[in-house]
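Shown next, in structure tokens, is the structure this report addresses.
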Amino acid sequence: MLLYNSQTRKKEEFIPISPGKLKLYACGPTVYNYFHIGNARAFLFFDVVRRFFQYRGYEVTYVQNITDIDDKIIAQAQEEEVSYKTVADKYARAFLEDTAALGITAPDVQPRATDVVPEITAYIEKLVQHGYAYEAGGDVYFDTTSLPSYGSLSGKKTEEQLVGARVAENPYKRNPTDFTLWKHSKPGEPVWPSPWGEGRPGWHTECVVMSQMYLGETFDIHGGGSDLIFPHHENELAQATALSGKPLANYWMHNGFLNIEGEKMSKSLKNFFTARDILKDYDAETIRFFFLSKHYRSPIDFNRELIDESRKALGNFYAALGVVDFLENRDAKPDLEPGNAEILRALEADFITAMEDDFNTARAIAVLFELSHKAKLDSNSSQLRLGAAQLMVRLGSVLGFFSDLDERLGSRMPDLSKSLIELIISYRAEARANKDWAASDKFRNDLARLGIELKDTPEGCSWTIKEQK
RNA sequence: GGCGACAUAGCCAAGUGGUAAGGCAGAGGUCUGCAAAAUCUCCAUCCCCGGUUCAAAUCCGGGUGUCGCCUCCA
């Protein structure tokens, strides 16, 4: 298993801390608004990381924080003219709803910053005691010059930061790169007690505390979007290194950004899409396919034409399932000739190889297409076709596809409805036998209007429910 | 100013030394009452210029172009 480690900027062989176990932490949302489609990419990707390790037999512990203390939440509360807590609760709930709608399995632990404030203040106290942090003007800052290794994750040296000069002047900071651990409160802001007076913790400390609480001093993978490398992850690492002298995570993984029509997504350009909005137009698996069809570290351009393409491509998988009557045969054990069994084994190996090469999901999807092709090919034995379809579903599930075959393939439809459809099809067959094409086409068109698509095959007429969206 | 990424067919996208996966779109054939589906066939020499090598999309150097981070941000 090769992973690209952002810290070393190389692909490295993955060696778990405990054999057969994966401890994974990925940064979750700050709940000040509905999360956008770019966030969705990160959440989806780490969902796939988790799924793949599980498929490979790992016992995975996946922790994702919910940041519910933050300046942006305070600002949003003022804008909506409601309480701070109302905003945090509202968007935390929306986050859970929308990730579930995207087919993302909930992490094993989803701690909230507000639940761990005492632990955070204790952590900051230790940093102060050991000389890595100092109080100034009611705030507490981390002294970046106290840690020689500061900058090792992002490759930034503290001296160079002075040149950039984009950091706002703060008279209390000893060094421009020092970052806030604790902020004193202004009137009307939510507060928690601390040795430095009432205030609230900074973002960087929340994450390091929550990750170590549930995963230990050092865990396997820490992930998030590439913009988090600096300063967020750099600062988490600095705090952890200061206190433990050990790495926070052995591997740092960061997904690439998403552009909208070739431009950076931003509210001012009005090209800002929430996942919630996109889910109104596209189903979750189409969005998932769209993201996974490109490597996770590459930037990706989001536009409707490309997602329409993804939808069509994904439809091929379902077409293959329809061809082999998958629902009726999903549990059947195909009786494969040795040669055919070997073909399927080789394809599964290809899939694993692709995924073990730093999560090459694009190549993994190509394997699914090969399986789909095998399932559809008339000249293949019915046993091979079924076996290919079953493998396609099994491997596709690792990527998060095929989550609701019953719904998608229509077997949840009440038997009465099914019987009615079959009845209409039998009338149409009668009309066709009498070469009454007008009647035949009317039956087909009327059913099509209801979203039921008929296909005449050599074995008779089959029907599928067309995707609604 | 510092750091980094990317450049493959009309579009999307794999591919880090041995002569270009896959998807979408397109063209033609088969099948079909028609449609759809299915199936068969076709469709690139990898931004430019040098270099290394028996051999490079793949390594090195130099260009050009696009993008990101350095400030809250997935």
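All values below were derived from every heavy atom in this structure, side-chain atoms included, with hydrogens, water molecules and symmetry-related copies excluded.
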Atom [atom1] of [X] to atom [atom2] of [N]: distance rounded to whole Å?
{"X": "A/H295", "N": "B/A5", "atom1": "NE2", "atom2": "C1'", "value": "12 Å"}
{"X": "A/K435", "N": "B/G33", "atom1": "NZ", "atom2": "C1'", "value": "7 Å"}
{"X": "A/R297", "N": "B/C6", "atom1": "CZ", "atom2": "P", "value": "8 Å"}
{"X": "A/D301", "N": "B/C6", "atom1": "CG", "atom2": "C1'", "value": "13 Å"}
{"X": "A/K376", "N": "B/A37", "atom1": "NZ", "atom2": "C1'", "value": "9 Å"}
{"X": "A/H36", "N": "B/C72", "atom1": "NE2", "atom2": "P", "value": "15 Å"}
{"X": "A/Y150", "N": "B/C70", "atom1": "OH", "atom2": "P", "value": "12 Å"}
{"X": "A/D436", "N": "B/C34", "atom1": "CG", "atom2": "C1'", "value": "13 Å"}

Aromatic stack A/F257/B/A74: centroid gap under 5.5 Å, interplanar angle under 30°: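 According to the criterion (under 5.5 Å, under 30°), yes, A/F257 stacks.
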
With C1' as the reference atom in both, quote the distance from B/G23 to B/A44 in angstrom, rounded to an integer.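 That atom pair is separated by 16 Å.
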
Taking the same atom, P, in B/A9 and in B/A14, what whole-Å distance lies between them?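 That atom pair is separated by 13 Å.
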
Selected nucleotide, minimal atom distance to [X] side chain, candidates [options]:
{"X": "A/L377", "options": "B/G68, B/C40, B/G33", "answer": "B/C40"}
{"X": "A/D227", "options": "B/A38, B/C72, B/A74", "answer": "B/A74"}
{"X": "A/D357", "options": "B/G68, B/A38, B/G15", "answer": "B/G15"}

Parallel under 30°, tilted from 30 to 60°, perpendicular over 60°: which one fits the rings of A/H222 and A/H233?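 Rings of A/H222 and A/H233: perpendicular, over 60°.
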
Mind checking whether A/Y150 and A/F230 have parallel, tilted or perpendicular rings, split at 30° and 60°?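 It falls in the perpendicular class, over 60°.
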
Would you indicate what [X] reaches in the nucleic acid, counting non-hydrogen atoms under 4.0 angstrom: base, sugar-phosphate, or nothing?
{"X": "A/S440", "answer": "base"}
{"X": "A/D308", "answer": "nothing"}
{"X": "A/L454", "answer": "base"}
{"X": "A/R428", "answer": "base"}
{"X": "A/G38", "answer": "base"}

Those residues that, when tested against A/P29, pass side-chain contact (heavy atoms from CB on, under 4.5 Å) (two or more places apart): A/V31, A/F43, A/I66, A/F95

Quick check on RNA chain B: between A/Y4 and A/R444, whose nearest nucleotide comes earlier from the 5' end?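 The answer here is A/Y4.
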
Reading RNA chain B from 5' onward, which residue's closest nucleotide shows up sooner: A/A40 or A/N360?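 Whichever sits nearer the 5' end wins; that is A/N360.
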
Given the side-chain rings of A/F402 and A/Y318, with only the six-membered ring counted for Trp, is the space between their centroids under 6.0 Å?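 Under 6.0 Å, so yes.
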
Tell me whether the OP1 or OP2 atom of B/G33 has a side-chain N or O from A/R432 closer than 4.0 Å. no

Step-by-step salt bridge (charged side-chain N to carboxylate O under 4.0 Å, His left out) determination, A/K183 to A/E189: CA-CA 11 Å; A/K183 290 182 187 187; A/E189 292 180 351; over 6 Å; no

If you take atom types as modelled and just measure distance, does the side chain of A/D441 reach the base of B/A35 with a donor-acceptor pair under 3.5 Å?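 Between B/A35 and A/D441, which were checked side chain against base, a qualifying N/O pair under 3.5 Å is absent.
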
Quick check against the 3.5 Å criterion: does A/Y251 have a side-chain atom that pairs as donor or acceptor with the backbone of A/E13?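 Present.
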
Among residues at least two apart in sequence or on other chains, which ones pass salt bridge (charged side-chain N to carboxylate O under 4.0 Å, His left out) with A/D301?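 Here no residue qualifies.
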
Base contacts versus sugar-phosphate-only contacts with protein, heavy atoms under 4.0 Å: please encode nucleotides 21-29 of chain B as B, S and - from 5' to 3'. BSBBS----

Is there a salt bridge (charged side-chain N to carboxylate O under 4.0 Å, His left out) between A/K173 and A/D178? Walk through the geometry before answering. CA-CA 6 Å; A/K173 283 189 187 179; A/D178 289 357; over 6 Å; no

